Each structure stands twice: as C-alpha cells, then as structure tokens.
Participant: 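Below are the structure tokens for one structure; questions will follow.
When reading the values below, keep in mind they use all heavy atoms of this one structure, side chains included, and skip hydrogens, waters and symmetry mates. Small disclaimer: the values here were computed from a predicted structure and weren't measured. Start at 1 and go down the list; that is how both ligands and their atoms are numbered.
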Amino acid sequence: MVTSVLPRVESLASSGIQSIPKEYIRPQEELTSIGNVFEEEKKEEGPQVPTIDLTEIESEDKEVRERCRQELKKAAMEWGVMHLVNHGISEELMDRVRKVGQKFFELPVEEKEKYANDQSSGNVQGYGSKLANNASGQLEWEDYFFHLIFPEDKRDLSIWPKIPSEYTEVTSEYARQLRGLASKILSALSICLGLEEGRLEKEVGGVEELLLQLKINYYPKCPQPELALGVEAHTDISALTFILHNMVPGLQLFYQGKWVTAKCVPNSIIMHIGDTIEILSNGKFKSILHRGLVNKEKVRISWAVFCEPPKDKIILKPLPETVSETEPPLFPPRTFAQHIEHKLFRKTQDNMSN
Ligand code: OGA
Ligand code: NI
C-alpha cells in the first residue's frame with residue numbers, strides 16, 4: 001500500500017504550530033488582498049453575488065418561466081456564479097450530505113489514509129492533499145476527498161468511504177438529484193442563448209457522458225489565516241459546478257477588479273458556470289475567478305460537484321450560433337483534456353516569468 005509522506009494539513013493544524021510552513025505562505029503581492037474572512041463577509045457595501053430563485057424555472061405560465069430565465073441569464077452573463085434558492089433539492093437531503101461527509105472527516109487521519117489517492121500513478125480518486133506542481137512548492141491549506149458520483153455505471157464504489165455506513169446511499173441520492181438540476185439549468189441556459197432546449201446538455205455529453213465528480217474540501221483551522229489560501233485563485237474547468245458548505249464563509253469571487261466574499265445563504269446551492277460553458281457560449285456566460293480563504297476559529301467544509309464533459313470525446317469550441325461577424329470565436333477548439341493541459345501550461349509559463 002502506498003502511504004503519503006506529506007503531512008495532511010489536518011495533522012499540521014492539530015500539531016499546535018503557531019506559524020505555518022513556508023510552502024503555505026502566499027507570495028507577497030497576493031498577501032495584500034487576503035483579509036479576515038469573518039470581517040469580509042459582514043461588509044454590505046459593493047457588489048454582491050446574485051441570488052436566483054428557481055421556483056418558476058419550469059412554470060406552466062410562459063411569461064413567468066421567461067422572467068425566471070432572464071434572471072438566471074443576467075447572473076450567468078454578469079457573474080457566472082450565483083446562490084440558487086428553491087432549487088428543488090430538499091433541506092433534509094442537503095443536511096444528510098453534509099453530515100456523512102463531516103463524519104468521514106471526523107475519523108482519525110490514519111483511518112482516512114486507507115483511502116489515500118496516488119496522484120503519481122494517475123489515481124486521483126480518494127483522500128488527498130495538493131502536491132506542489134511548480135518550483136515554488138506552493139501549497140494550499142486543505143485536504144480533500146475526490147470521487148466520481150454519476151453516471152452510476154462509471155462509479156467505483158469500492159473506494160467510497162465505508163464509514164459512516166449511510167455515506168453511499170446519501171451521496172448517491174444527492175448525485176441523482178443534482179444531475180436533474182444540472183439538466184434543468186442546461187435547458188434554461190440553452191434557451192437563453194437562442195438554442196434548442198436540449199442543446200447544451202448534448203454538447204457536454206448528455207446523460208451517458210457528462211460526469212459528476214464530488215470534491216469534499218476540508219479546510220482545517222489555520223494559525224495564520226492571513227498568510228494562506230484554502231484554494232488558490234482559479235476558474236473551474238467544468239461545465240457547471242454546484243457547491244454546498246457548512247455555513248462557514250471562505251469563498252471569494254474576483255468581480256470588477258475586487259475580491260467579493262460570498263455570504264452564507266441558508267438552504268442555497270452555489271452554482272458556478274465553468275470554462276466549458278464559457279467556451280460553448282463564446283464568452284457570453286462567464287467562468288469567474290475565485291478562491292477560498294481560511295480562518296483561525298472554525299473548520300470549513302465544502303462539497304463541490306463538478307459536472308464535466310468527457311476528456312477526449314468532445315471538441316469544445318464556441319457553438320456556431322454564438323459566433324457572428326461582430327462576435328468572432330474567442331476560444332480555439334480543444335478537447336477537455338487539451339483545455340486542462342493548456343491551463344497547466346499557461347500557469348507554468350506564469351511561474352517561470354515571476
Ligand atoms: C473548488 C472551489 C471553493 C469552496 O473546489 O473548485 O472553488 O468554497 N472551492 O470550497
Ligand atoms: Ni473552484
């Protein structure tokens with residue numbers, strides 16, 4: 001069995017250190033923008049992440065339905081991220097998802113190590129922490145559990161947490177319901193682009209090929225939260241991402257040149273438009289830059305579900321309907337795998353020129 005030589009961030013956090021290892025300290029330029037997340041969350045001035053009420057998204061009344069879609073469209077075009085409310089997934093199910101994930105993370109690190117992934121052999125599913133991917137050795141203040149949850153025939157249930165025993169049942173039910181929500185959103189976004197209702201869903205792989213991957217992000221308390229990030233600034237590569245969290249603030253969005261802290265909205269699911277939909281829509285829908293702060297007082301946990309197209313089967317490029325003489329294609333054709341490769345390459349270039 002392969003065990004990691006890296007300490008888990010959780011072990012580091014519980015060791016009683018007062019200052020964090022240098023690998024977790026952000027570069028000087030970035031430190032100036034990192035504040036106390038509880039103070040940041042309280043701020044009422046300035047732009048705020050929109051909240052979209054989905055109650056009427058499938059209303060019988062055409063006008064009512066259209067009004068709801070327009071709200072979604074505006075949020076997707078201006079922000080590319082929003083709090084979804086009345087999304088149809090029950091509070092009870094969301095609570096159970098949070099409970100089983102939290103229970104798993106409450107196990108001793110040695111227990112969780114039994115599920116450790118092995119990134120060097122390409123085995124990304126399981127329990128893990130970020131490996132440094134460049135010379136600076138920069139790390140993030142989080143551990144995670146990552147696994148594919150939909151379609152059901154592509155799951156590897158043997159690597160799913162066995163404790164708590166309800167984990168599989170609860171997570172499977174959440175996956176099924178989220179898949180339904182993803183379809184509803186993709187339909188609405190298609191119509192917003194003047195496409196046929198089923199078009200975006202088909203373009204990202206349809207029922208058979210669109211993959212839902214769950215990443216439970218576990219952000220331990222950090223003794224020097226103003227020096228670290230839980231997750232560094234990035235855009236999601238997915239088509240859509242759906243996020244639940246344990247009501248501890250942390251997520252920040254880079255909007256109009258400033259970091260905006262997402263408020264904790266009860267019973268909401270945060271939804272991101274990812275790079276995939278940004279590309280297909282020729283930039284009409286935005287994939288927003290975001291990051292996660294950590295804090296001294298409370299463990300933060302988030303459940304991010306990435307809805308992704310298959311790696312090699314589909315070539316992603318602006319749909320012809322989104323391109324015109326005045327709106328030339330903003331993205332070259334790439335498979336999802338090539339898109340990931342391109343982002344990594346760009347990042348390596350950035351690091352070399354620093
Ligand atoms: C991610 C992410 C933010 C959060 O996992 O891609 O952006 O709130 N997470 O944990
Ligand atoms: Ni993200």
Participant: With carbon and hydrogen excluded and only N/O/S kept, which atom of D236 is nearest the Ni ion (ligand 2)?
Facilitator: OD1
Participant: Tell me, which protein residue and heavy-atom name are nearest atom 5 (O) of ligand 1, and how many Å apart are they?
Facilitator: N217 ND2, 3.2 Å
Participant: H234 heavy atoms, cut-off 4.0 Å: which ligand 1 atoms fall inside?
Facilitator: 1 (C), 2 (C), 6 (O), 7 (O)
Participant: Are H272 and ligand 1 in contact, using a heavy-atom cut-off of under 4.0 Å?
Facilitator: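 Flag not set, H272 not near ligand 1.
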Participant: Starting from L157, can I reach I149 by hopping between I/L/V/M/F/W/Y residues whose side chains sit under 4.5 Å apart?
Facilitator: yes
Participant: Using a heavy-atom cut-off of under 4.0 Å, does the side chain or the backbone of I270 touch ligand 1, or both, or neither?
Facilitator: neither
Participant: Tell me whether the guanidinium CZ or amine NZ of R8 lies under 6.0 angstrom from the six-membered ring centre of Y218 and within 45° of its axis.
Facilitator: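 Cation-pi check for R8 and Y218: fails.
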Participant: Heavy-atom contacts under 4.0 Å between H245 and ligand 1: side chain, backbone, both, or neither?
Facilitator: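 Near ligand 1, H245 shows nothing, with every heavy atom at 4.0 Å or more.
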Participant: Consider ligand 1: state whether an atom of it lies below 4.0 angstrom from any non-hydrogen atom of F306.
Facilitator: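 It does; at least one heavy atom falls under 4.0 Å.
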Participant: For H147, run the ring pair (Phe, Tyr, Trp, His ring centres under 6.0 Å) check against W303, Y167, Y127 and tell me which one passes.
Facilitator: Y167
Participant: Give the atoms of ligand 1, by number and element, whose distance to some non-hydrogen atom of H290 is under 4.0 Å.
Facilitator: 7 (O)
Participant: Using a cut-off of strictly less than 2.8 Å, determine whether H290 has an N/O/S atom near the Ni ion (ligand 2).
Facilitator: yes
Participant: Out of R291, R300, E232, K215, indicate the one that has the non-hydrogen atom closest to atom 4 (C) of ligand 1.
Facilitator: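 It is R300 that holds the nearest heavy atom.
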